[in-house]
2 protein chains.
Amino acid sequence: MRSTSPHEVVPATTPAASLVFTTVLSHGPLTRIEIARRTGLSSAAVTKAVRPLMQLGYLVEGADEGARPAVGRPANLVRVDAGRALFIGIKVTGDEIIAVLADLCCRIRVARHVRLAGREPGAVLPSVTALVHELLTEADGFGVQVRGLGIAVSGDVDRAAGVVRYSPFLEWRDVPLAGIVETATGLPVTVDNDVRALTVAEQWFGAGVGLSDFALVTVGAGIGCGLVVHGRVVSGAHGVAGEIGHLSIDPLGPPCHCGNNGCVEAIAADPAILREVRSATGLPVATVAEALELARTGDPRVREVYARAGEAIGRAIGSVVNLLGPERVVISGEGLAAYDLFAEGIRDAFAASAFGTAVQCDVTTRPLPFEEWARGAAATAIQSFIGSDTH
Amino acid sequence: MRSTSPHEVVPATTPAASLVFTTVLSHGPLTRIEIARRTGLSSAAVTKAVRPLMQLGYLVEGADEGARPAVGRPANLVRVDAGRALFIGIKVTGDEIIAVLADLCCRIRVARHVRLAGREPGAVLPSVTALVHELLTEADGFGVQVRGLGIAVSGDVDRAAGVVRYSPFLEWRDVPLAGIVETATGLPVTVDNDVRALTVAEQWFGAGVGLSDFALVTVGAGIGCGLVVHGRVVSGAHGVAGEIGHLSIDPLGPPCHCGNNGCVEAIAADPAILREVRSATGLPVATVAEALELARTGDPRVREVYARAGEAIGRAIGSVVNLLGPERVVISGEGLAAYDLFAEGIRDAFAASAFGTAVQCDVTTRPLPFEEWARGAAATAIQSFIGSDTH
DNA sequence: GTGATTCTTTTCCTCTGTCAATGAAAGAAT
DNA sequence: ATTCTTTCATTGACAGAGGAAAAGAATCAC
């Protein structure tokens with residue numbers, strides 16, 4: 001683990017303050033009484049926790065007094081001042097960098113992206129630093145300081161150490177990314193796996209708010225999964241977790257780059273779908289958009305490919321639900337553009353493979369604009385800033 | 001959730017005391033310094049936490065002064081007085097009840113079992129009560145009070161409510177078992193799912209001690225799995241968790257009673273193995289012992305059946321490891337008698353299906369005497385007595 | 001015996017969060 | 001208009017948990 005960075009520390013000093021702050025952050029404007037109820041603290045403790053956070057400007061009073069009860073002293077709502085702090089989130093992919101400037105409520109203020117020439121650290125890092133400085137200048141325009149930088153990378157990332165252990169896409173091994181970027185930018189840097197980062201964003205600001213157990217499934221170039229169990233993101237003792245893409249669904253299925261056959265990723269990820277569409281139609285389909293176009297025109301062979309992919313995803317979700325029994329599964333990812341084609345397969349295969357009462361698990365979808373990955377990175381930075389893992 | 005029972009409360013009153021007690025319970029005799037180091041408390045806090053626990057007799061000083069360093073004041077070891085309290089653990093199966101009397105360290109003092117005539121609650125409950133009273137008499141012989149009763153039942157059990165929601169084996173639905181047995185015996189009763197109970201025993205007193213993430217896989221009449229993530233047993237939002245037995249391994253595999261094809265349980269559980277052995281040999285093999293006998297004589301057809309079963313288990317373990325990345329997987333269950341026949345299949349299939357560094361996960365086995373299920377139930381009672389979920 | 005070393009306890013002391021009482025802000029009742 | 005009722009919020013006293021540092025205790029080395 002890196003030594004604690006010397007940057008200004010979290011706004012919440014005591015456990016109670018941290019609890020209050022994260023509660024308000026996730027559950028929007030609340031009265032103090034309501035905060036006390038949700039956190040289990042006494043109202044006295046809430047008052048004492050809120051005051052310093054208000055003095056620092058992180059919490060503010062007021063607004064949005066909707067339906068108040070007609071009797072008794074009206075309540076004052078407490079909410080987070082989203083504009084009090086800014087964070088930068090960066091997603092590094094094989095061929096481009098997406099960066100966002102997000103506020104304390106993880107709403108995107110500015111988004112940028114640059115294409116990459118090479119993917120070795122020597123080529124990527126200068127682009128990252130340049131992009132950060134660009135966004136820092138933007139932040140000056142808001143008159144607010146940037147308090148943290150989150151970087152999301154696919155692969156095996158050790159967040160605590162700030163090291164990218166192994167990223168197959170980037171072909172990086174043991175790159176101490178956090179340390180490097182910290183010295184280059186002067187910002188506190190959090191590095192995390194991309195799917196986990198997205199999961200954090202969902203847990204704090206999205207469909208996972210208030211849930212102690214849920215799963216996020218991403219569909220696109222790969223098939224990924226982020227897991228929250230007991231209120232915390234699962235990281236895996238050896239850096240592997242949520243590897244839903246390499247659940248083997250069918251021993252006779254197509255070979256996967258991992259060496260097995262019939263992995264979910266070998267059936268339902270973009271490259272697999274393209275391969276199958278080409279083989280089914282004999283057409284030189286090169287992009288997902290073309291495949292989608294064919295399916296939308298009603299080509300039954302192509303629709304069948306998507307149906308099979310949906311079935312594979314549905315069975316994978318069934319496996320996750322059977323193993324962990326989450327309250328909800330959120331399906332997201334670029335592949336969601338084809339959700340209408342997947343939907344039936346997913347639904348049926350999930351219903352068939354879920355065991356007993358596990359079918360009750362809520363399966364929802366959530367669109368994923370491409371900056372969302374970078375937003376996830378920003379969420380990890382916010383999380384580090386607040387300094388609370390448990391939520 | 002049931003109202004808090006009026007029985008004598010936990011020995012540990014403060015968080016620190018609870019932490020100290022569970023640490024000593026799981027990690028054997030420790031010096032106070034060592035306790036402080038492991039818990040992160042100050043040595044002053046350890047002293048203060050230990051004293052009242054010693055006065056109550058739950059902790060005692062001494063014994064087992066092995067290799068002490070030659071210099072400085074010798075350390076006093078602190079350990080749990082296992083005999084200070086007794087617990088009863090009961091496992092209810094379809095046709096018999098196994099009961100154990102266990103001490104505070106979950107060591108079995110007495111074991112009993114009775115066969116059941118019927119499996120409806122009206123038939124089972126009197127047998128349970130009778131067995132409990134029998135063991136209470138035994139406990140009198142030790143001159144120690146029984147402080148809790150744990151009951152393990154397969155199926156969907158709501159531990160917090162003390163209700164068996166649905167047990168297919170027993171054909172029970174919404175039986176408020178804890179309440180009933182509590183009034184019948186006067187003991188605080190904890191009811192839990194059998195595999196989870198076994199997992200608790202492993203977490204506190206077995207191969208899971210000190211691990212925050214591990215999995216327990218049971219092989220036998222069914223294929224089960226208990227999961228510990230972030231130091232806590234996973235229960236599942238809808239009562240389903242660890243349902244490894246119904247991961248579908250092969251869409252073309254044998255049909256499973258759950259309605260799918262190629263579930264792990266339909267390949268590797270006892271009934272499936274017997275079915276396959278019969279079909280492979282044409283012999284009227286009726287028991288696991290006979291199948292084992294055939295395999296041990298070297299019949300290649302039978303060995304092949306076991307090999308395929310091992311492969312299915314190995315792939316299921318691979319799925320668990322890919323999803324959760326536990327530090328260790330413990331394989332146990334009555335089916336372990338055939339482990340030599342499974343071993344290669346498990347090992348190879350796990351190694352093949354584990355993704356990347358996940359193969360580093362430690363996979364071990366642990367023999368399972370049949371009272372072990374009841375011991376698991378006793379472990380849940382101990383856990384309730386101590387009143388600490390987090391470990 | 002004296003000193004060195006290490007474990008353990010004691011003595012303060014800080015600091016967190018609760019309790020219970022008080023204050024504050026509205027509408028309702030008189 | 002004034003008082004009452006109701007609910008929200010704050011205050012101040014307080015209990016108690018755990019830490020820091022010093023003192024005490026038990027052993028071996030000399």
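To find a chain, count down the sequence lines: A is the first, B the second, and so on, and within it residues start at 1. Hydrogens, waters and symmetry mates are skipped; everything else that's a heavy atom, side chains included, is used.
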Legend entry - Any side-chain donor near an acceptor of the partner, A:Arg196 and A:Thr380, under 3.5 Å: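 No donor-acceptor contact under 3.5 Å links the two side chains.
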Inset, instruction - Name all residues meeting the side chain to side chain contact (heavy atoms under 4.5 Å, CB included) criterion together with B:Ala377; count only those two or more places apart in sequence or in a different chain, and write none if there are none. - result: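 Side chain to side chain contact (heavy atoms under 4.5 Å, CB included) check on B:Ala377 returns B:Ala152.
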Inset, instruction - Output all residues satisfying side chain to side chain contact (heavy atoms under 4.5 Å, CB included) with B:Ile33, sequence neighbours left out; order by chain, then residue number. - result: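 Side chain to side chain contact (heavy atoms under 4.5 Å, CB included) list for B:Ile33, sorted by chain: B:Thr31.
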Give me the distances for all protein-to-nucleotides 2-4 of chain C N/O pairs that come in under 3.5 Å?
none

How many Å lie between [atom1] on [X] and [atom2] on [N], as a whole number?
X       : N      : atom1 : atom2 : result
A:Met54 : D:dA9  : CE    : P     : 10 Å
B:Leu19 : D:dG18 : CG    : C1'   : 12 Å
A:Arg32 : C:dT18 : CZ    : C1'   : 18 Å
A:Glu61 : D:dA9  : CD    : P     : 8 Å
B:Arg37 : C:dT8  : CZ    : P     : 14 Å
A:Asn76 : D:dT7  : CG    : C1'   : 12 Å

Legend entry - Identity of whatever pairs with C:dC7 - Watson-Crick or G-U, under 3.5 angstrom: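 When the pairing criteria are applied, D:dG24 turns out to be the nucleotide that pairs with C:dC7.
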Check nucleotides 20-24 of chain D for protein N or O atoms closer than 3.5 Å to its own N or O atoms and list the pairs.
from   : atom 1 : to      : atom 2 : distance (Å)
D:dG24 : N2     : B:Arg73 : NH1    : 2.4

Inset, instruction - Determine the contact category for A:Ile33: base if any of its heavy atoms lies under 4.0 Å from a base atom, sugar-phosphate if only primed atoms, P, OP1 or OP2 are that close, otherwise nothing. - result: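 Sugar-phosphate, backbone atoms only, no base.
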Inset, instruction - Could you tell me whether A:Ala16 contacts a base, only the sugar-phosphate backbone, or nothing, with contacts defined as non-hydrogen atoms closer than 4.0 Å? - result: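 Result for A:Ala16 = sugar-phosphate.
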Legend entry - N/O donor-acceptor pair under 3.5 Å between B:Thr22 side chain and B:Leu19 backbone: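 A pair under 3.5 Å: yes.
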Inset, instruction - Quick one: list whatever passes salt bridge (Lys or Arg N to Asp or Glu O under 4.0 Å) with A:Glu327, sequence neighbours left out. - result: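 If we apply the salt bridge (Lys or Arg N to Asp or Glu O under 4.0 Å) test to A:Glu327, skipping adjacent residues, there are no hits.
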Legend entry - Qualifying residues under salt bridge (Lys or Arg N to Asp or Glu O under 4.0 Å), relative to B:Arg37, sequence neighbours excluded: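 Only B:Glu34 meet the salt bridge (Lys or Arg N to Asp or Glu O under 4.0 Å) criterion with B:Arg37.
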Legend entry - Rounded distance [0.5 Å steps], NZ in B:Lys48 versus CG in B:Leu53: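 Interatomic distance, B:Lys48 NZ to B:Leu53 CG, rounded to 0.5 Å: 15.0 Å.
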Legend entry - Criterion side-chain contact (heavy atoms from CB on, under 4.5 Å) against B:Leu30, the qualifying member of B:Val20, B:Val78, B:Thr23: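 So, applying the side-chain contact (heavy atoms from CB on, under 4.5 Å) to B:Leu30 and each of B:Val20, B:Val78, B:Thr23, only B:Thr23 qualifies.
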Legend entry - Positive for side-chain contact (heavy atoms from CB on, under 4.5 Å) with A:Gln203, one of A:Val233, A:Val209, A:Leu198: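 So the option named by the test is A:Val233.
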Legend entry - Contact nearer the 5' end of DNA chain C, comparing A:Leu41 with B:Thr47: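 Counting from the 5' end, the first nearest nucleotide belongs to B:Thr47.
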Legend entry - Phosphate OP1/OP2 of D:dG18 contacted by B:Thr14 side-chain N/O (<4.0 Å):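 Affirmative; the distance criterion is met.
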Inset, instruction - Please state whether the phosphate of D:dA9, meaning OP1 or OP2, lies under 4.0 angstrom from any side-chain nitrogen or oxygen of A:Arg51. - result: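 False: A:Arg51 side-chain N/O out of range (4.0 Å or more) of D:dA9 OP1/OP2.
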